[in-house]
Amino acid sequence: MTKHHLRLREEGWKIGMVINAVGAVLSLLVLAIVATVKFTEGAWVVMLLVPIMVFGLVRLNRAYEREDVELRQDVQKVANAAQAPTRTRHAVVVLVDELDAAAARAMQYARALLPNDLRAVHFDLDGWKTDQLIEAWQQLGLSRFPLDIIECPDRRIPRATLEMAAELAADGRTEVSVLIPRREYTKRWHRLLHDRSSGPIAAALAHLPQCSVTIVPYHLGDDTVVVEPEQPAAPPPAAENGARHRPAGRDVDVSILPSTRTAIHDLRPRVRATVAGRVKAVRVQAWSGSPSLECTLADETGAITVVFYGRRSVAGVRTGAVMSVEGTAGVHHGILAILNPVYTLLVETPVPQAPHH
């Protein structure tokens, strides 16, 4: 307090400084007497704990002050964001591990957002589990929700989610919302038994511009969520003017690709060509009466969408497979694509087997 009076010099500061100085001297005298006379009788505990507590409180106060300064500086960022032009498209992605009530709740909320692009995404970590999800998806006829199966060979879901969101927002006019279903448990020990991967995923997307993450909780024991039955299939989104190339794939072994192929980055619309690469994603969409299978084929230069109209599945075409396709490129939903090509499997992925119990 003496330092406070010397720094501010408010009205009556001299009297206050004298009072506080006398109090400080008396406190120091009492401390010296207690430390000398009662040290071995327990005073050492006080002498040890008080400095530690003071140090902790000072550090805590400094942390609050730093947070306050940073938040006040970000007020201008809020004003700039409020006046900045908004993006014209909104893509909503629901991360789906399995088709359960938690995923249904997130899908129900995603529909309420009325986005331009609505999809569910499953990262292919277990081939057998992925096949079970695809089969259930097709049986339920979720026409408003295309299911994208994305390859994730290194099993790093936060990195794969970041790449997927960055690809959606790469056109400069799409706002991306990622919905993560999460089960909420009433007992703490239940939480220790289940994976809490939503935190790392949200942290990975935190610094991606024009991307927001929403945790959609499902409280176990709440049976009020009902998935509405799908009626007529939603029409595919209108094609956009122009086509864009997609990012190149990873882990593409160029040595097994045909030497006569055309690099995907060099592919142009309305030109018949042969391209080859690795299937890094597959989309399952249950169109009523008009099924289609879309897969993302990537080489070392870029990626292209390959569409098989009238097919719910193609033998051997799954994430991780390497194939070459021949056809004429065109614009499909604003992205360069080859429709109903002639294809040849170069490397097949093994058919997953059911786990043994």
Side-chain angles (χ1 to χ4, degrees), residues 67 70-71 73-75 77-82 84-125 130 133 137 142 144-152 154-185 190-192 194-220 222 225 227 237 246-247 250 280-281 283 296:
E67 292 176 2
E70 183 176 352
L71 290 173
Q73 290 177 345
D74 286 347
V75 171
K77 295 181 181 179
V78 174
N80 295 338
T86 58
R87 295 196 169 192
T88 57
R89 297 185 72 255
H90 185 203
V92 174
V93 177
V94 182
L95 301 186
V96 176
D97 181 54
E98 56 184 327
L99 200 53
D100 55 12
R105 176 69 187 92
M107 292 162 62
Q108 186 181 50
Y109 174 61
R111 289 178 55 191
L113 298 178
L114 302 178
N116 304 99
D117 183 1
L118 181 62
R119 67 180 69 183
V121 168
H122 174 78
F123 295 104
D124 188 9
L125 306 181
T130 299
L133 176 62
W137 207 273
L142 297 173
R144 299 186 185 182
F145 261 96
L147 173 64
D148 288 3
I149 307 297
I150 298 181
E151 184 186 23
C152 188
D154 57 4
R155 308 182 72 85
R156 294 167 57 190
I157 294 180
R159 178 199 60 78
T161 307
L162 178 61
E163 289 184 351
M164 178 267 301
E167 181 178 332
L168 288 175
D171 59 2
R173 56 192 183 86
T174 300
E175 184 82 20
V176 181
S177 296
V178 179
L179 307 186
I180 306 177
R182 187 168 70 185
R183 305 169 187 172
E184 298 293 342
Y185 302 92
H190 285 174
R191 304 173 190 173
L192 301 176
H194 298 274
D195 182 25
R196 306 289 286 184
S197 58
S198 58
I201 295 175
L205 299 174
H207 302 289
L208 182 64
Q210 307 300 334
C211 178
S212 57
V213 181
T214 301
I215 304 296
V216 183
Y218 177 78
H219 299 274
L220 289 180
D222 183 5
V225 177
V227 181
R246 306 173 71 176
R250 294 188 175 190
K280 71 172 188 176
R283 165 171 287 195
T296 302

Asker: Less than 4.5 Å apart, any side-chain heavy atom of Val216 and any of Arg182?
Answerer: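 Result no, sub-4.5 Å side-chain heavy-atom pair not found.
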Asker: Using the side-chain contact (heavy atoms from CB on, under 4.5 Å) rule, take Val93 and Leu168 through it: C-alpha gap first, then chi angles, then the decisive distance, then the call.
Answerer: CA-CA 10 Å; Val93 177; Leu168 288 175; 3.5 Å; yes
Asker: Using 0.5 Å steps for rounding, measure from the OG atom of Ser198 to the CD1 atom of Ile157.
Answerer: 11.5 Å
Asker: Testing the basics here: between Leu162 and Ala204, what is the closest heavy-atom pair and its distance to 0.1 Å?
Answerer: CD1-O, 3.6 Å
Asker: How close do Glu151 and Asp124 get, heavy atom to heavy atom, and via which atoms?
Answerer: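 Nearest heavy atoms, Glu151 then Asp124: CA-CB, 4.4 Å.
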Asker: Working to the nearest 0.5 Å, report the span between CD of Gln210 and OG1 of Thr174.
Answerer: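 Between Gln210 CD and Thr174 OG1, I get 10.0 Å after rounding to 0.5 Å.
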Asker: Write down the atom of Trp137, the atom of Ala120, and the distance for their closest heavy-atom approach.
Answerer: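 For Trp137 versus Ala120, the nearest heavy atoms are CH2-CB, 3.6 Å.
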Asker: Over all heavy atoms of both residues, which pair between Ile180 and Ile201 is shortest? Give the atoms and the distance, please.
Answerer: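 Of all heavy-atom pairs spanning Ile180 and Ile201, the closest is CD1-CG2, 3.6 Å.
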Asker: Quick one: closest heavy-atom pair of Leu125 and Arg155, and the distance?
Answerer: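 Taking every non-hydrogen atom into account, O-NH1, 3.1 Å.
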Asker: Among residues at least two apart in sequence or on other chains, which ones pass salt bridge (charged side-chain N to carboxylate O under 4.0 Å, His left out) with Asp148?
Answerer: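 Here the qualifying residues are Arg119, Arg283.
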Asker: Evaluate Val176 against Arg89 for side-chain contact (heavy atoms from CB on, under 4.5 Å), listing each step before the verdict.
Answerer: CA-CA 9 Å; Val176 181; Arg89 297 185 72 255; over 6 Å; no
Asker: Could you tell me which non-hydrogen atom of Ala106 sits nearest to which non-hydrogen atom of Val94, and how far apart they are?
Answerer: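 For Ala106 and Val94, the tightest heavy-atom pair comes out as CB-CG1, 3.8 Å.
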Asker: Does any part of the side chain of Ser177, heavy atoms only, come nearer than 4.5 Å to the side chain of His90, both counted from C-beta?
Answerer: yes
Asker: Could you give the distance from SG (Cys152) to CE (Met164), rounded to the nearest 0.5 Å?
Answerer: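 Spacing of SG (Cys152) from CE (Met164) equals 11.0 Å.
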Asker: Under 4.5 Å between any side-chain heavy atoms of Phe123 and Ile149, yes or no?
Answerer: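 No, side chains not in contact.
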Asker: Quick one: list whatever passes side-chain contact (heavy atoms from CB on, under 4.5 Å) with Leu118, sequence neighbours left out.
Answerer: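 Partners of Leu118 under the side-chain contact (heavy atoms from CB on, under 4.5 Å) test: Val92, Ala110, Arg111, Pro115, Phe145.
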Asker: Is the shortest distance from a Lys or Arg side-chain nitrogen in Glu98 or Arg183 to a carboxylate oxygen in the other one below 4.0 Å?
Answerer: yes
Asker: To the nearest 0.5 Å, tell me how far Leu205 CG sits from Cys211 SG.
Answerer: 4.5 Å
Asker: Report the C-alpha separation of Tyr109 and Thr214 in whole Å, then their side-chain angles, then the decisive distance to 0.1 Å, and conclude whether the side-chain contact (heavy atoms from CB on, under 4.5 Å) test is met.
Answerer: CA-CA 10 Å; Tyr109 174 61; Thr214 301; 4.1 Å; yes
Asker: Just by distance, no angles: are the side chains of Thr130 and His122 close enough, under 3.5 Å, to form a donor-acceptor pair?
Answerer: yes
